[in-house]
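Notes follow once the structure below has been shown.
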Amino acid sequence: MAFLSIWKLVCLAAPLSLVSLFANAALPDGRMHGNMMRTASIPIVNMDGPETPVTSRNGTVLPAYNTTYFFDQLIDHNNPSLGTFKQRFWHTWEFYEPGGPIILMTPGEVNADGYSGYLTNRTINGLIAQQQNGSTIVLEHRFYGLSNPFPDLSVKSLRVHTIQQAIDDLEYFSKNVNLPMPNGDNLTPDKAPWILIGGSYSGALTSWTMVNKPGLFFAGYGSSGVVEAILDFWQYFEPIREHMPANCSADVQAVIAHVDTVFSGKNQTAIQAIKNLFGMGDMTHLDDVAGSLRNNLWDWQSLQITSGPGSQFFNFCDALEVKNGVSASATGWGLDHALAAWGSYWTTSYLTRLCGNSTAEDCLGSYNTTQAYWTDTTIDNSGRSWFWIVCNEVGYLQEGAPANRPTLVSRLVQPPYDLRQCQQMFPAAFSKPPTVNTAKTNRVYKGWDVKVDRLFFANGMRDPWRDATISAEGRNAQSTSLQPIALGDGFHCSDLGTSANVDPTIAAVQTKALASMKTWLATWKPSTQQQPPVKGPRSAPHVGSKGQQSVVLKPLFAWVRGAGVV
């Protein structure tokens, strides 16, 4: 326990010498290597002056949005005797009036610094708070950023990194936090309505929590919530194929089909020619080479309604489809031009952007277990923390489509390709590639079959994660007054920010959500039942010093978290 106490002090002090530990990604975009999936984190919300004091609607001067607070969270909800760790949160009561809701969000699988914009009315969180006189909170998820039960991300530490522990965190926080606001020690869910909000993984966590802890949160809002755990999630690329420019889609499919045919054959000259064309001539494994081309499709995830024509994904399509100032027809230019154009684009600009100064093998290879990132267990490594959940509970492996379906990415990358990497990263947990227990996740938390009162689902037609949401193609889930499902034309979590409501379909989603919250909250009443005893003492918030904030409040890799800006 003495060691744990020292670790608490480290988290609070956050000396400058620790900053170097946080920059543990191998690639400029924050990933460990270029054949690793990008996390589905929620968009950053831009705002001016997050360090400026906030003035409430009644004229009271409140702490700045980026003021960091600490909550004493249980290390292991199954064994409270292990003690607590410092879990960071951000909070404002800018719009609060007595009787209003407490609106809680976790950004999910990221360092939560830089997400204090979700306290404001530039988001659906703040719009609900403004309409309903509520208070907003952003809570950092365990094992991300500086909210770590243990001082490393070893397998031994990660044993308490589970979906259920994260759900239990939300319960323990809501029942025990002493909020830094008037009457903040008397606003538990039995005395005030709590609303849980999330996007992407944390949107799924909203659904999973309301299933697992019925009645704890009075209402919920899940944006692009990936409620169904899916091992072979080849459908990730389907919304991209359906909504990208038709000529680009046709030519990408033609190139990938050709690459797969050549790489599956025995003509070594032809194989080497393709590798050389893409600047990967020295790479050893053909699945690494072919899988690398997924990166151009993964760029779609960075798009938002507000993304301009110079976005990386559309630069890629222009490189393939604009020849001598003329755009190809819907059928594309065909294989010969598209292959040469893709190779030129990849080698002249994209490979350097993706890999920086790394060699292609170091950047894109996935077999060399001597690479430092496989064994780097330092904290604030969201890629490692998220991959643990991928390998154990959710899957979401983004592979080539089945043979009877068109595909934008190589069929040489299939689940064994990624599951091998689980074993390489966590050999102490997996003596062989794991069997991800997605069936248990869906059975326990209901997945697509969720039926919960006062849970609002918001999804986007152009979201690559759509087919893991309740709006998945072919599911035909019914929207009801108590579990509405609103589908706009947005991308991933577009409806979380107000800047995206320039699209009328996204504005309609937000309007519907606000109306639902107003109707539901009008029915809330304080509980007359005695609440079960809490597992520990009420936690008074600790405020970080100004010196500390200068260290930890600058988001790391915020510009490349892969979910755009709203």
Side-chain angles (χ1 to χ4, degrees), residues 52-72 89-106 116-139 170-198 206 209-210 213-221 453-456 482 498 510 513-534 537-543:
T52 304
V54 177
T55 302
S56 73
R57 57 168 43 149
N58 66 8
T60 303
V61 177
L62 310 180
Y65 294 126
N66 70 355
T67 302
T68 310
Y69 302 94
F70 296 87
F71 172 74
D72 294 322
F89 72 98
W90 294 260
H91 168 255
T92 191
W93 64 102
E94 178 181 1
F95 301 114
Y96 183 77
E97 295 178 17
I102 308 301
I103 300 164
L104 174 64
M105 166 190 253
T106 173
S116 56
Y118 281 90
L119 302 175
T120 76
N121 62 1
R122 295 191 178 191
T123 64
I124 191 66
N125 312 41
L127 291 179
I128 295 171
Q130 189 172 37
Q131 174 182 276
Q132 302 295 150
N133 309 319
S135 168
T136 51
I137 304 167
V138 170
L139 178 68
L170 297 174
E171 178 184 36
Y172 191 77
F173 179 88
S174 65
K175 288 185 174 180
N176 291 278
V177 69
N178 180 354
L179 290 171
M181 61 181 288
N183 201 36
D185 61 346
N186 198 36
L187 294 172
T188 48
D190 57 323
K191 298 180 178 67
W194 280 61
I195 299 171
L196 185 60
I197 294 180
T206 296
T209 301
M210 294 185 72
K213 307 287 183 183
L216 176 64
F217 291 95
F218 183 71
Y221 181 102
D453 285 351
R454 298 182 299 277
L455 174 56
F456 192 101
L482 286 176
T498 58
Q510 294 175 342
L514 290 169
S516 294
M517 293 295 172
K518 184 175 182 179
T519 299
W520 296 340
L521 286 166
T523 69
W524 184 84
K525 295 179 181 178
S527 174
T528 57
Q529 298 179 351
Q530 184 176 359
Q531 292 293 302
V534 297
R538 298 296 298 279
S539 176
H542 308 278
V543 184

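The figures here come from the full heavy-atom set of this structure, side chains too, leaving out hydrogens, waters and symmetry mates.
- A heavy-atom distance below 4.5 Å is found between the side chains of I137 and I102.
- Among residues two or more places apart in sequence or in another chain, the ring-ring contact (aromatic ring centres under 6.0 Å, His included) test is passed with F95 by none.
- For T52, the side-chain contact (heavy atoms from CB on, under 4.5 Å) test picks out no residue, with sequence neighbours left out.
- Counting only heavy atoms from C-beta outward, the side chains of I195 and L104 never approach each other to under 4.5 Å.
- Here the closest non-hydrogen pair linking N178 and G184 is OD1-C, 3.4 Å.
- Counting heavy atoms from C-beta outward, Y65 and E94 have side chains that approach closer than 4.5 Å.
- Each of D185, N186, D190 was compared with T188 under the side chain to side chain donor-acceptor pair (under 3.5 Å) criterion, and only D190 meets it.
- Side-chain contact between L196 and Y221 is absent, with no heavy atoms from C-beta onward closer than 4.5 Å.
- Considering all non-hydrogen atoms of both residues, P189 and S174 come closest at CD-O, 3.2 Å.
- Nearest approach of G100 to P193, heavy atoms of both residues: O-CD, 4.1 Å.
- Among residues two or more places apart in sequence or in another chain, the ring-ring contact (aromatic ring centres under 6.0 Å, His included) test is passed with W194 by none.
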- prompt: After noting the C-alpha distance and the side-chain angles of F89 and T68, does the key distance pass the side chain to side chain contact (heavy atoms under 4.5 Å, CB included) rule?
  reply: CA-CA 6 Å; F89 72 98; T68 310; over 6 Å; no
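- Panel note: side chain T206, backbone G220; no donor-acceptor pair is recorded below 3.5 Å.
- Side-chain atoms of R122 do not come within 3.5 Å of backbone N or O of T498 as any donor-acceptor pair.
- Ring orientation note: the planes of F173 and F71 are nearly perpendicular, at an angle over 60° on the 30°/60° scale.
- Take E97 and apply the side-chain contact (heavy atoms from CB on, under 4.5 Å) test, not counting sequence neighbours, and it matches R57, N133.
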Please report, to 0.1 Å, the donor-acceptor pairs under 3.5 Å made by any side chain of residues 518-526, with sequence neighbours excluded.
unit_1: T519; atom_1: OG1; unit_2: A515; atom_2: O; d: 3.1
unit_1: W520; atom_1: NE1; unit_2: S481; atom_2: O; d: 3.3
unit_1: T523; atom_1: OG1; unit_2: W520; atom_2: O; d: 2.6

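- Y96 is linked by a ring-ring contact (aromatic ring centres under 6.0 Å, His included) to nothing, counting only residues two or more places apart in sequence or in another chain.
- With contacts defined as side-chain heavy-atom distances shorter than 4.5 Å, the pair L179/H91 qualifies.
- Remark: Q132 pairs with no residue by the side-chain hydrogen bond (donor to acceptor under 3.5 Å, both in side chains) rule, at least two apart or across chains.
- Of all non-hydrogen atoms in W93 and P180, the two that sit nearest each other are CZ3-O, 2.7 Å.
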- prompt: Yes or no on side chain to side chain contact (heavy atoms under 4.5 Å, CB included) for M181 and L187, after CA distance, side-chain angles and deciding distance?
  reply: CA-CA 10 Å; M181 61 181 288; L187 294 172; 3.8 Å; yes
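- Residues satisfying the side-chain hydrogen bond (donor to acceptor under 3.5 Å, both in side chains) test with T92, not counting sequence neighbours, are none.
- A donor-acceptor contact shorter than 3.5 Å links the side chain of Q131 to the backbone of L514.
- In terms of the side-chain contact (heavy atoms from CB on, under 4.5 Å) criterion, residue partners of D453 (sequence neighbours excluded) are, by chain and number, L482.
- When all heavy atoms of P63 and T67 are compared, the closest pair comes out as CB-OG1, 3.6 Å.
- To the nearest 0.5 Å, atom CD of residue E171 and atom CG of residue N176 are 9.0 Å apart.
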message: With side chain to side chain contact (heavy atoms under 4.5 Å, CB included) as the criterion, how do L119 and W90 come out once you've worked through the C-alpha distance, each side chain's angles and the decisive distance to 0.1 Å?
response: CA-CA 8 Å; L119 302 175; W90 294 260; 4.0 Å; yes
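- Heavy-atom minimum distance, T209 versus L170: OG1-CD1, 3.5 Å.
- Among residues two or more places apart in sequence or in another chain, the side-chain hydrogen bond (donor to acceptor under 3.5 Å, both in side chains) test is passed with S56 by N58.
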